[in-house]
Amino acid sequence: MNLWPIPIFPLAGFLVTGIFGRRLPKAVINAVAVGSVLLSFLWVLVTLRSLGNLETPFTEHLYTWIQSGALSVNIDFTIDRLTAVMLMIVTGVGLLIHIYAVGYMSHEGGYYRFFSYLNLFMFFMLVLVLASNFVLLFVGWEGVGLCSYLLVGFYFTEQFATNAGNKAFIVNRIGDFGFTLGIFLIWRQFHSFDFAQIFPAAKGLPVETSAGILTAICLLLLLGATGKSAQIPLYVWLPDAMAGPTPVSALIHAATMVTAGVYMTVRSSALFLHAPIAMDAVAVIGLVTAFFAASIGLVQNDIKKVFAYSTVSQLGYMFLGVGVGAFSAGIFHVMTHAFFKALLFLGAGSVIHALSGEQDLRNMGGLLKKIPITAATLFCAGVAIAGLPFTSGAASKDLILEAAYTHAPWMYWVGTITAGMTAFYVFRALFLCFFGKYRGHQHPHESPPVMWVPLAVLAVLSLAGGFINIPHWLDPMLPVHEAEVGALIKMAPFAAGFLGIGLAYFFYVMSPALPEKLAVSFGALYRLVYNKYFVDEIYDATVVKPLVNGSRAVLWKGIDAGLVDGSVNGVGALAKGAGGVLRLVQSGSVRAYAAWIVFGSVIVLIAIGLAGGVR
Amino acid sequence: MPDSFFPAGVEYIRFLPEIILTIAGTLIMLLEPFLGDGKKSGLGVFALISLLAAIPATALAGNNPGYAFSHMLLVDGFATFFRYVVIGVGVLCISASFQYLRRENQNSGEYYALLLFSVTGQCVMAASNELIMIFIGLEISSIASYVLAGYLRDDKRNNEAALKYFLLGSFATAFLLYGIAWIYGITGATNLDQIRYTLLNHDIEAGGVLVGVSAALMFVGFAFKVSAAPFQVWAPDVYQGAPAPVSAFLSTGPKAAAFAIFLRVYMTAFGPISNRWEAFVWISALLTMIVGNFGALRQPNLKRMLGYSSVAHAGYVMVAIAAHSQIGVAAAMFYLAAYAFMQIGCFAVVAHFARQGEKYVNIEDLAGLGWKQPVTAGLFTLFLLSLIGIPLTGGFFGKFYIFKAAVDSNLIWLAILGALNSAVAAYYYLRVLVVMYMKEPGDAVETSQPMAPGISFTLWASALGTLLLGIFPSAVLDFVRNSSSLAK
Amino acid sequence: MNTLDLVIALPLIGFLIGLVLPRDNPETVRRFTLGFSLLVFLVSLGLVGPYWHASPSGFVFETNIPWISSPVIHYHVAIDGISLWLIILTTLLTPICVLCSWKSVQKRPKEFFAFLLLLEFGLIGVFAALDLFVFYVFWEICLVPMYFLIGVWGHERRIYAAVKFFLYTMTGSLLMLVAIIYLYGRAGTFDYTAILSQLQSGALALTYPEQFYLFLAFFVAFAIKVPIFPVHTWLPDAHVEAPTAGSIMLASVMLKMGTYGLLRFCVTLFPNAAHRNAGWIVILALIGIVYGALVAMVQPNMKKLVAYSSVSHLGFVVLGIFSFTQAGLDGAVYQMLNHGISTGALFLLVGFLYERRHSLEISAFGGVATPAPNLAMVFMVTMLASIGLPVLNNFIGEFLVLQGSALVNFNWTVAAAVGVILSACYMLWLYQRIFLGKASDDLKLHMPDLSLRDWAAAVPLMILMVWMGTFTQSFMPPITATNAQVLERSKTGVEVQVRNDFNVLASLKEIFRAR
Amino acid sequence: MSGVPLNWYLILSAILFCLGIAGFLYRRNIITLFMSIELMLNAVNLTFVTFSYKFKQVDGHIFTFFVMVVAAAEAAVGLAIILTVFKNRQTLQVDDVNSMKN
Amino acid sequence: MDAFFFLIFATIAVVCAINIIVQTHPISSALSLVGVMGSLAALYLMLGAEFIAAAQMIVYAGAIMVLFVFVIMVLNAGGERLTKRGAYVRLFGVPLMAMFLGLLAFVIQAALPRGEMVRFGGFTRGGPADVGRALFTQYLLPFEVVSVLILIAIIGAIVLARKEID
């Protein structure tokens, strides 16, 4: 069974739609774009089937990419159980979103462009998960970042979209800075990029010698992960990235790409396990991000922004899970999150589609009757993310929280509170959207089947996905995290979920005027949270502005034009000046010239006559 | 001293180039009255032919090396080489003069005769082995030069150039003579070999300081003639004031010959006291380069700029002298030859481009020449690039060879400073290129005339020489290397 | 007369023919130059021959004939894995330059194209010369056509830029000349290979001060050309004022003369000095990387931006060379080629933009992607290559360089990687300001999309970007083989090795212990 | 009377030479300048003749003879140059002849 | 006796030489120069240079100086104007000259052995015959070549002064 066709199908799709797309009819583009992903999906299924239960990883060597002395980078694909999970998520969810996008984008310009980018994204994402070494992983990593940039800035005539695209790319670059440095350190330490060689070697390293370098490596990798997976401090790009079309938000910024950080961390679990400091960092970052983002999500009015912060927050959960050692739970959450968050976004997209582009919750309301299917699926997603019992969200989130409890109970409690907040803001959004009276001016209409069928599929997965026992599947390859906790601990997150939903119902359905009053009475706090803690502004003022202005005023005008070039030109001017002075000697007067000659001869007499001594 | 004072036949052969040139010059003066006003160019052609005839004569003389006329002359490779150079200079300058003289209505036989005599004097200088011959050769060359510099007697700048050249030249010659008198007084000889012998054997009653003094006084005279600092002051004025073809001649022929005697005297006679003069020649070389290059930086007048540049190039040759080695001599010889080609080429362009009364000799006047007269400008560009020292030109190889000589003699700092000076020099040569190619044509270029055959010949021949010396320098290099051992 | 000789001679022949072509028929001149440069390119492909199956580490296509007997100068040319690609890069870019100058050069096309061929001649010679004297000759020859290309066909401040370019380079190279002469004095030959073997056998033993000053003289000449940080200021001016073809050749090939020189001569001839001075040189390179990127970020002029980005990119090359690791050297060489391709393409595209809008100010553009989507797409690919996106060419070079430096001193790597971040900043910002946003009506009118000729110029570069980024091994083996030898040579008599000091790591260890 | 030391002659010639220089530097009339040069040449001649006495050789005399010839030739040409200058400028003030400078 | 005559003629020479410098009218300077030349001729005689002494009087004081005087008279240029120009030449001229002279004198005194005394009749082979013999044997070539010089002088004078003749 060959692995290379898995990413190649979307790549071919990308090439076809990208190069010839402008001249092709929409039907062909649809066929190519969706078809290529479908083929990939099928190929994954067939492959997994033929590979059996993947007791050992399966590696396929394609060709040597870079060979420089001892340093060698191969284009190798590997499938193990982790990859299998990711493949299924990526191709499966990807396929659904592609199908959905056919409907969603049908009225947009740049149709072919959109699908070619989407296909390209699939290619890179598949490379990312299939990669058998860090460099190839990085290729996919950067590639998906690129596609994110392209798709966020899809509406390229809009300033905010292009800004968001740039922000996404550059912030990711900062993360990649860490990631690449981590890779370099890895080679420095292990003289290999291959997972298959590094991880066993890492296990074999004596703690005393390895601790420093492994901690450094893991912290650097973590920096990369925070960039890609939108964790503090690099989460700022993700909310802005909602400027892209909604299927993009669903696919890239919810289901797949942003979880790459989690994937990478889990992939490197062998390294992280030997770097406790880094593990703690992962957990703390995840937890803080989860809480922090959730708090912002509480008050946002843009439906996509709410879900974006929700994504950040959920990603925080995943990191928490990984950080406390529950790697498989983290991946489990990646999967369930892919289901319900994709559904949330797609549903939101359906709402937006229905309202012809309206995204502000304050201009919605009462849509339950007008777009029932969308509403129903969205509520499925809502209960899943809120972690109500028996939903997929509950299954994965609880695993994480339990693991956190065994690691450090305070983490568990913060996580649980966050779970309540999550339930609150999601249902706040849903209630604002579907309950009450319609506050807008559009004529809402239900989406076509091509859009709601994927919603329905995802709704089922959101509810039932928790029964796919990913942790069990991954147990053989990831360190098992045994968490035995009491019933109270198991139940608390559910309670928090219900509480959150209840509060949301109280505030936004029963007494809709109350939030306004609260916002007024807690003015400062509200403004702080509503403005996302002013993090963007702080970054702008402390990093971006000084860098740009400093470069302009000090480096360019000051050092470059002033100091360096100034001294070069100064030397030139000095030479000319010296020339001018020397020319004064040439006064044109014969007697002056004669005086020069006499003067010169006196000098010569002294220099030649006397210099050698009198004798 | 020879037993028989009556010269043998071969000695006449060794003196053949001078004989031919003298006869030709005299003939020109004899023929002059018989030719009408329009036919004076015929005399020039005759002068050209006689110069060309002197070339095989030089070769013949060179094939019979040895002393002549009671050790007055020494015909060796060194002499032969410089004879070639000065005769070549003569050829190129005469051929560049026809159009110029006609334009100035001064086309007469005297000009060609004087030029021939001047070349004769330089040939004598090149071959002389005796201070008295050096002096006489120098005076023949100089007096003819004085007249040539002021040849257009109604032109104020010509007069001025001639006067300055003459007064200062004679002034400096007096110093030279005084130096000769002293060295005679110390060694009792005026023959270079004898002086060297005496000095080498410390066979002198007087102290070394007197030798130093006479070397210093002679240095004044030589340095003046080669326009080395601090005796360079006259050069820009004279080269600016003299007629363009004459400037071409003055800045190459007499300079080459002066360097020839400079080298010969300092390498042979004063070789034994090199510890006294090496340091000063070092300083003088540096000063000369600096003064020449920096002075030229903002010079608007093309001729004057070339004058300064001529000073600078003398500085490079001085570097070779400072090296005080056989390869230094060879480098100086090579450089002077290469320099002659490129400098004459530049002045020939000026001679071609200037109008009557030397209008349009400012650099700015060349604006747009590159596109109006691509061939002229292209050749000019070649000469300028050679003066800058861009490879595949004679100027580059010459400079390279000089720096090599300096480095070989451990004058690394001088080589570095010389190299930096070249970079400065590039600026003002580039300025000409800028004007020629990067400015829009002005009046001067729009009204320019097509090139006359004579100047055309000079330009192409100079270009050929410049390129040959740059690309295939081997023949000349071998020649100079084999003839550069002066101290025997 | 082997292929290499032919490749060197052909452009010169073309130049001479070009000089005598009729002035009044520019179309003929263009066609002739295009055809001729394509011919040169095709012939130069023949150079790959010996590297097809194996990768000889020595020199191939050697021609060694006496030129001047004393001082002994031989016309000694040959290529190895490094010069092979640089020569092919040169021959590839020349027809592209012809294409992009087809319409934009209306003023005196004959001379323009002739100079282009002369430039090609000089550049090929530089990369092939194995005799120091011959090297210097070619080195200086390159100066003249480029001076004219900038000075005659450039923009407003072209004269200032041209003279500055010339003088800057000249100053450095003259010092190198003195050093070459000195070296001849010591070794008795200009022949690079002979000097190397003398060094290896110990027949030529330079004292450290000697080595240092020689190294410095060579280094200054090359540093100016590269350009390394404090001597870079000629570059923005020259780039901005040069015509498109000039910018392309300047950025893509001429800058490589400097890095090539560093690699070929500085490192192998004076290994000890190179090692001992690597510290501060790398610091300069790192300053260049970060500083170039920061200054590029705030440029209002497209070409200036790209020019400063070159300073930044070339910093990587220098870093790679002075890391003295296989990966670093390979990366450096690869990065030379990459930069040649991608920055060449950037200048090409900037040239397209200039042709359409007659302005280089970024503020004169905006929303170009709407009227010219293909141009935007091509620019996008080029930009991505330039910022080092994987699967495109620059990534490989930067990656290897950084990996190489990480083996020596991780702090260097950290600093250099900052440049990678910044490169994304300035390029994306540039792209946004030029191509994205709403296009004004005026701009829409004057912004036709790529013509067939434009495509022809751009597509080869696009293909190479992807090819070099994905199938690196098509190009790498000759480089690796040669660099292995360079590395070997650069160890001759080395006393001090720059070695790692990774303080962060040590402190982390301390933290761990404390726990 | 045992004669005069040779050095006296030499110092005399040095004095005359320097006076010649002084004349060149301090006089403004071109002809006087020229005469100063002649004075210097005379001083040189005295040196030659003195040394000729010292060596009991005639060579110095010969040199002196040639210097005289040269001086004569120079005088002819020099005075002709001065004539043309005067003709063009109606002045013999050397300081007025400085149209070319810097 | 020798010293007496030497001092007399030396004094005349120096005084005349100073007079050349002091006089503002060229004709006075020219006459002073003749005085220098005359006294030098006498000194030449004392040094045994009979032929040179004669030539000095005939060629120098006679022919050349006559030419000078002739030109001075023809041009009738009159006395010098005092100009401000070249002030620094005046300023530096004296010290420079003094240094030059000082150097020469010092060197002569310091370096030359003073044993030799010049006596009239101490050297007698400076007569025309001796000089002539040398000229036509050893110094034949310069003697011949110098004729070219004279030819040039003639041509030069003609070229430059032709208009006056025409």
Side-chain angles (χ1 to χ4, degrees), chain A residues 18 22 63-71 73 75 113 135 138-143 146 149-150 153 156-159 161-163 165-166 169-170 173-174 176-177 180-181 183-185 187-188 211-213 215-216 219 276-277 547-552 555-556 559-561 564-565 568 572, chain C residues 164 167-168 230-234 236 291 294-295 297-299 325-327 330-331 367 369-370 373 384 389-391 395-396 399-400 402-403 406-407 410 413-414 417-418 420-421 424-425 428-429 432 435-439 470-473 476-477 480 483-484 504-506 508-509 511-512 515:
Chain A
R22 207 178 321 169
Y63 65 94
T64 302
W65 183 22
I66 309 170
Q67 175 82 51
S68 159
L71 187 151
V73 182
I75 305 286
R113 205 154 53 84
V135 183
F138 184 69
V139 170
W141 184 274
E142 281 281 276
L146 163 71
Y149 161 75
L150 292 171
F156 65 82
T157 52
E158 304 298 334
Q159 178 83 28
T162 55
N163 278 347
N166 283 357
F169 200 101
I170 289 165
R173 267 272 155 143
I174 297 171
D176 298 344
F177 163 76
T180 46
L181 290 178
I183 296 177
F184 297 139
L185 274 188
W187 202 82
R188 197 177 129 120
I213 187 103
T215 307
L219 286 176
I277 296 176
L547 209 57
V548 171
N549 293 337
S551 297
R552 182 177 291 126
L555 292 184
W556 181 31
I559 294 182
D560 213 63
V564 182
D565 219 22
V568 170
Chain C
K164 195 170 174 182
L167 291 182
Y168 241 113
V231 288
H232 65 280
T233 53
W234 64 271
Y291 172 92
L294 284 174
V295 176
M297 196 162 66
V298 293
Q299 293 304 315
T325 56
Q326 179 76 41
D330 288 351
T370 310
L384 293 174
L389 197 86
V391 312
F395 170 73
I396 315 283
F399 181 80
L400 286 176
L402 291 175
Q403 182 68 71
L407 294 178
F410 197 70
T413 318
V414 175
V418 172
V420 180
I421 304 179
C425 299
L428 290 179
W429 198 24
Q432 182 189 19
F435 288 95
L436 308 180
K438 291 186 181 67
T470 48
F471 295 95
T472 310
Q473 285 308 100
M476 198 56 112
T480 312
N483 276 336
V504 184
L505 220 154
L508 271 173
K509 230 177 225 171
I511 294 173
F512 186 79
R515 245 172 85 107

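In the text below, chain A, chain B and the rest are named by the order of the sequence lines, each starting its count at 1.
Ranking L181(A), I174(A), V139(A) against chain C, the residue ahead of the rest is L181(A), based on heavy-atom pairs under 4.5 Å. Heavy-atom pairs under 4.5 Å with chain A were tallied for A417(C), G367(C), P477(C); the largest tally goes to A417(C). Chain A forms the most heavy-atom pairs under 4.5 Å with one residue out of A484(C), G437(C), A439(C), P390(C), and that residue is G437(C). When the candidates V73(A), L71(A), N166(A) are compared by the number of heavy-atom contacts under 4.5 Å with chain C, N166(A) comes out ahead. Contact count against chain C (heavy-atom pairs under 4.5 Å) is highest for V135(A) among D176(A), V135(A), N549(A). Between chain C and the options G550(A), G572(A), G69(A), the largest number of non-hydrogen pairs under 4.5 Å is found for G69(A). Taking Q159(A), R22(A), E158(A) one by one and counting their heavy-atom pairs under 4.5 Å with chain C, the maximum is reached by R22(A). Top candidate by heavy-atom pairs under 4.5 Å with chain A, chosen from Q299(C), K438(C), Q403(C), Q326(C), is Q403(C).
Using a 4.5 Å cut-off between heavy atoms, L167(C) does not touch chain A at all. For a residue to count as touching a neighbouring chain, one of its non-hydrogen atoms must lie under 4.5 Å from one of that chain's; by this rule Y149(A) touches chain C with the side chain only. Looking at T480(C), the atoms closer than 4.5 Å to chain A (heavy atoms on both sides) all sit in the side chain, from C-beta outward. For chain A, the nearby parts of A369(C) are the backbone and the side chain; heavy atoms of each come within less than 4.5 Å.
Within the model, atoms CG of L428(C) and CZ of R173(A) stand 8.0 Å from one another, a figure rounded to the nearest 0.5 Å. Interatomic distance, CG of D565(A) versus NE2 of H232(C), reported as 7.5 Å (0.5 Å rounding). Note that CG of L407(C) is 10.0 Å distant from CZ of F184(A), once rounded to the nearest 0.5 Å. The distance from the OG1 atom of T470(C) to the CD1 atom of I75(A) is 8.5 Å, given to the nearest 0.5 Å. Within the model, atoms CH2 of W556(A) and CE of M297(C) stand 12.5 Å from one another, a figure rounded to the nearest 0.5 Å.
Between V420(C) and F177(A), every side-chain heavy-atom pair lies at or beyond the 4.5 Å cut-off. Looking at Q67(A) and D330(C), their side chains never come closer than 4.5 Å, going by heavy atoms from C-beta outward. By the 4.5 Å heavy-atom criterion applied to side chains, V568(A) and W234(C) are not counted as neighbours. Residues F410(C) and R188(A) meet the side-chain proximity criterion, which asks for heavy atoms closer than 4.5 Å. Contact check for I183(A) versus F399(C): side-chain heavy atoms found under the 4.5 Å cut-off. Using a 4.5 Å cut-off on side-chain heavy atoms (C-beta onward), L400(C) and I66(A) make contact. The shortest distance between side-chain heavy atoms of T162(A) and F435(C) does not fall below 4.5 Å. Counting heavy atoms from C-beta outward, T370(C) and F156(A) have side chains that approach closer than 4.5 Å.
At distances below 3.5 Å, at least one donor-acceptor pair connects side-chain atoms of Y291(C) with backbone N or O atoms of D560(A).
Heavy-atom minimum distance, S68(A) versus A327(C): OG-CA, 3.3 Å. Residues V298(C) and R552(A) approach most closely at CG2-CA, 3.6 Å, considering heavy atoms.
Residues Q432(C) and N163(A) have side chains that bring a donor and an acceptor to within less than 3.5 angstrom of each other.
Side-chain rings of F471(C) and Y63(A) approach one another, their centers coming within less than 6.0 Å.
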